[in-house]
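Encoded as structure tokens, the structure appears first; notes follow it.
Each ligand, and each atom within it, is numbered from 1 in the order the structure gives.
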Amino acid sequence: MKSPYLLLAALVTVAIACFPARKTGPLYADASAPLEERVQDALSRMSVEEKVALTHAQSKFSSAGVPRLGIPELWHTDGPHGIRPEVLWDEWDQAGWTNDSCTAFPALVNLAATWDRELSLLYGRSIGEEARYREKDILLGPGVNMGRTPLNGRTFEYMGEDPYLASALVVPYVKGVQENGVAACVKHFAVNNQEVRRTATSSNVDDRTLYEIYLPAFQAAVQEGGAWAIMGSYNLYNGQFNCHNKKLLCDILKDEWGFDGVVISDWGGCRDDDEAIVNGLDIEMGTWTNGLSGNASDSYANYHLANPYLARLRDGRATEEVLNDKASRILRTIFRTSMGEQHFGSFNSPEHYAAARKIAAEGIVLLQNDGTLPLSIPEGGKLLVVGENAYKMMVVGGGSSNLKTKYEIIPLEALHEVFDGHAQVVWERGYVGDTTTDYNKVVTGQDLSESRSAGQLLSDAVQAAQDADCVLFIGGLNKSDGQDNEGTDREDIVLPYGQDTLIEALAAVAKKMVVVNISGSPVAMPWAPKVNAIVQSWYGGSESGHALADVLTGAVNPSGKLPFTMPLALADGPLKTERQYPGIREEGQEWWQEYYDEGVFIGYRWYSSKGIPVQFPFGHGLSYTTFSLSDAAVKAAGKDRFTVTATLTNTGSVAGAEVVQLYISDVEASVERPVKELKGFQKVYLKPGESRKLSFSLGRKDLSFFDASKHEWVAEAGAFKALVGTSSEDIAASLDFSLR
Ligand code: BGC
């Protein structure tokens, strides 16, 4: 017979398993308790003053918790390409830490050019791990404003000109970040598509355009990505500032989309005491120490959501109900992050640098190639590298995305690694662009001073080109004022610093000429027919040089695709008038007014619908192998659903990836619609000779336009075309189908 003690022991074990000991301490501190119960519990213990303290900054990058209850403050950080170095508590100066040099990931436009959802997840995870290790709770990114004008100084921080592409890529990024208990703060909500007068311009946009072009990526981030934070933008939308824009924040984001996270102002973007309270803002952050416009030390109490808010609560102009909603959202964020499931993250790991290199390389776009690439320089031959961007470190600069990285491999260094011992690599600067080596006190240590005149630089480069086996020009833009930079827009898409003249001069003497354009936004390439190959590279982060060398030498077969159109000239684009861009101000008006008269016709929607030729179309990008698309077909797949299939074959001799793109054309519509709109894509890796059958699913929403009068998406019965191709202009099959 079994011992009764054994039986008793078994019963106790079962009881312990079924009824674990109650955790000691308050419910809100129990990370395993249901989130909403934790929020209500904490809220019930807090005074009005403690709740208000949550709603505004207490330093440049933190907002208060509830110290009395042991609820920690929230630490915010830029974003979106790496974890920003520490600044002082109440100053923009560097704090001088020596342990805050991060992995710099490629700019978001580079990520967008990968057209790869898995790489976006890898990016989000990696940067989330870095944020968590640095004990940051809110990552200020990603940015998903649409490329309305190629001049926008922050194009490099965004994901291109198409809402479908940006939506597809923002979702995994957000999920990857948040897996680490770090909130992704998706920015800048919304219609913030230029830097020029960004704090004084009202974007006046109709609902159809808003819903079809400017909102989808934010909506996807919230509803599919589950984003925990959103940043309101500096500009006004239809006459009201976006950090407290009722329609955007209350009606659309919180009511229509059911967003339960926290709305954070852009730094200094909150402009009004009363609107800040009632129009959906939860945390007010500031650029200047008074949150508004000027410098005063440590005066966070003056913020709109600080003393002015308390005064209104005390005299009845503001209600505690609204305050409770804000406090709940902030508590939810704290319980999801620092007081959530424990994560520890990792920092500067080899895996993060490997991820940065992979993403950077996969986003590099081969625009043109007559076989000159991959580079082949004869033994003992000479590769002449010309251009400042071969040498200039560019992890620094650009504004708030400025980073301090542990190391940065410049293109020239990577080319030396590859060719030294085999061929001679010679560098000529060719032109002087931006000699800054110190951005907001993050110092690169490079010496970019130059004593030669522009004429001398050009003739030295041309002279050196005479006996080179190949001239590799590496130029483009940089991250200083008036280029790819926050706070300013460009004036034109023409390359600066006389680079067009230099490229033409080199092309005239070079045996072979390859141009690498490093930029975060479109540039004109009038010399394209005169050079053998063109590569679009980006601000690739710590490993940018390696990534570029990988592609140039064929170690990586290029597979990037343009996330925006490369126009022939600025004047070809959709923004024709000052009222469209950069805005006008009439007598007596306080703010500049900008009208989105072009409607939904931005980027390729404009060029393809109007039949305007471009230098390189949206979605374009070549490979060192060749692909063919065959057997394309469309068939009905149940009520209002269709399946499009096609077979992709690698017809060349090396392994590589192609991005197969599906565009939809509404042939008979009651409203004017673009001739094509992206509704699906797949990036497929194939060995030489390998084939894969691809399948895309289409539903009503993919065939719809937004009917503003009904406030709903409408798919009209009638004829449609499914266009399957490898860019927006390279369409292999046009398939007819109809919706009943
Ligand atoms: C930028 C934001 C950034 C914030 C904090 C603002 O000027 O617009 O994108 O996150 O500063 O640095």
Side-chain angles (χ1 to χ4, degrees), residues 56-63 74-95 100 102 107-109 127 131 134 136-145 152-159 170 173 177 182-201 203 218 221 227 229-236 241-243 262-271 281 283-289 291-293 295 300 303 396-404 439-442 479 481 484-489 520:
H56 57 268
Q58 58 168 12
S59 76
K60 281 273 170 277
F61 280 104
S62 71
S63 51
L74 276 172
W75 278 92
H76 312 236
T77 180
D78 285 300
H81 308 142
I83 310 307
R84 185 175 175 150
E86 302 294 332
V87 297
L88 294 172
W89 181 261
D90 191 34
E91 309 281 339
W92 286 103
D93 289 344
Q94 295 296 305
D100 57 351
C102 66
L108 287 192
V109 71
I127 195 172
R134 286 268 303 279
K136 305 300 181 193
D137 308 306
I138 301 182
L139 178 75
L140 305 173
V144 287
N145 295 88
N152 182 5
R154 296 188 88 169
T155 305
F156 73 107
E157 283 188 73
Y158 299 138
M159 296 189 181
V170 73
Y173 181 115
V177 169
V182 173
C185 182
V186 187
K187 65 193 189 183
H188 305 89
F189 192 63
V191 280
N192 174 203
N193 303 303
Q194 69 191 51
E195 288 300 288
V196 136
R197 294 194 286 263
R198 63 177 174 171
T199 59
T201 303
S203 301
F218 288 101
I230 290 281
M231 183 188 289
S233 56
Y234 281 131
N235 56 308
L236 306 92
F241 276 105
N242 283 356
C243 289
V262 71
V263 173
I264 299 171
S265 75
D266 200 342
W267 269 229
C270 177
R271 306 285 284 266
L281 179 64
I283 302 181
E284 177 189 3
M285 298 300 291
T287 290
W288 300 100
T289 38
L292 310 164
S293 53
N295 242 337
Y300 297 99
Y303 275 34
V396 293
S400 58
S401 60
N402 181 35
L403 293 173
K404 177 166 127 192
Y439 291 86
N440 189 23
K441 303 277 179 344
V442 181
K479 290 157 89 180
D481 276 3
D484 290 314
N485 185 40
E486 178 179 342
T488 53
D489 281 356

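Near Ser400, meaning under 4.0 Å from any of its heavy atoms, are these atoms of ligand 1: 1 (C), 2 (C), 3 (C), 9 (O), 12 (O). Every atom of ligand 1 with a heavy atom of Lys187 under 4.0 Å away is listed here by number and element: 2 (C), 3 (C), 9 (O), 10 (O). Residue-ligand proximity, Phe61 to ligand 1, at heavy-atom distances under 4.0 Å covers atoms 5 (C), 12 (O). Which parts of ligand 1 touch Tyr234 is read off a 4.0 Å heavy-atom cut-off, strictly below it: atoms 6 (C), 7 (O), 8 (O). Atom numbering of ligand 1 starts at 1 in the shown order; those under 4.0 Å from a heavy atom of Arg198 are 7 (O), 8 (O). Each of the atoms 10 (O) of ligand 1 lies under 4.0 Å from some heavy atom of Met231. Annotation for ligand 1: atoms under 4.0 Å from non-hydrogen atoms of Leu140 are 10 (O).
Looking at atom 4 (C) of ligand 1, its nearest protein heavy atom turns out to be Asp266 OD1, 3.5 Å.
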Run the salt bridge (Lys or Arg N to Asp or Glu O under 4.0 Å) check on Lys187 and Asp266 step by step: do they pass?
CA-CA 9 Å; Lys187 65 193 189 183; Asp266 200 342; over 6 Å; no
Is there a side chain to side chain donor-acceptor pair (under 3.5 Å) between Tyr300 and Asp90? Walk through the geometry before answering.
CA-CA 10 Å; Tyr300 297 99; Asp90 191 34; 2.6 Å; yes
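Among all heavy-atom pairs drawn from Val186 and Ala227, the shortest one is CG2-CB, 3.9 Å. The two residues Ala57 and Tyr303 make their nearest non-hydrogen contact at CB-CE2, 3.8 Å. The shortest heavy-atom contact between Pro80 and Ile127 is O-CD1, 3.3 Å.
Judged by distance alone, with hydrogens and angles left aside, the side-chain atoms of Asn235 form a donor-acceptor pair with the main-chain N or O of Val191 at under 3.5 Å. Between the side chain of Asp484 and the main chain of Gly520, a donor-acceptor pair closer than 3.5 Å is present. His188 contributes no side-chain N or O that, together with a main-chain N or O of Gly143, makes up a donor-acceptor pair within less than 3.5 Å.
By the 30° and 60° cut-offs, the orientation of the rings of Trp267 relative to Phe61 is tilted.
Using a 4.0 Å cut-off between a side-chain N of Lys or Arg and a carboxylate O of Asp or Glu, Lys404 and Glu86 do not qualify as a salt bridge.
The closest approach between any non-hydrogen atom of His188 and ligand 1 is below 4.0 Å. Residue contacts with ligand 1 include Glu486, since one of its heavy atoms falls under 4.0 Å from the ligand.
With a heavy-atom cut-off of 4.0 Å, Met285 does not touch ligand 1 at all. Contacts with ligand 1 closer than 4.0 Å are made by no heavy atom of Glu157, backbone or side chain. Contact annotation: for Arg154 versus ligand 1, heavy atoms closer than 4.0 Å belong to the side chain alone.
For ligand 1, the polar-atom distance check against Asp78 finds a nitrogen or oxygen pair separated by under 3.5 Å. In terms of polar-atom proximity, Arg84 is counted as a contact of ligand 1, with an N or O under 3.5 Å from an N or O of the ligand.
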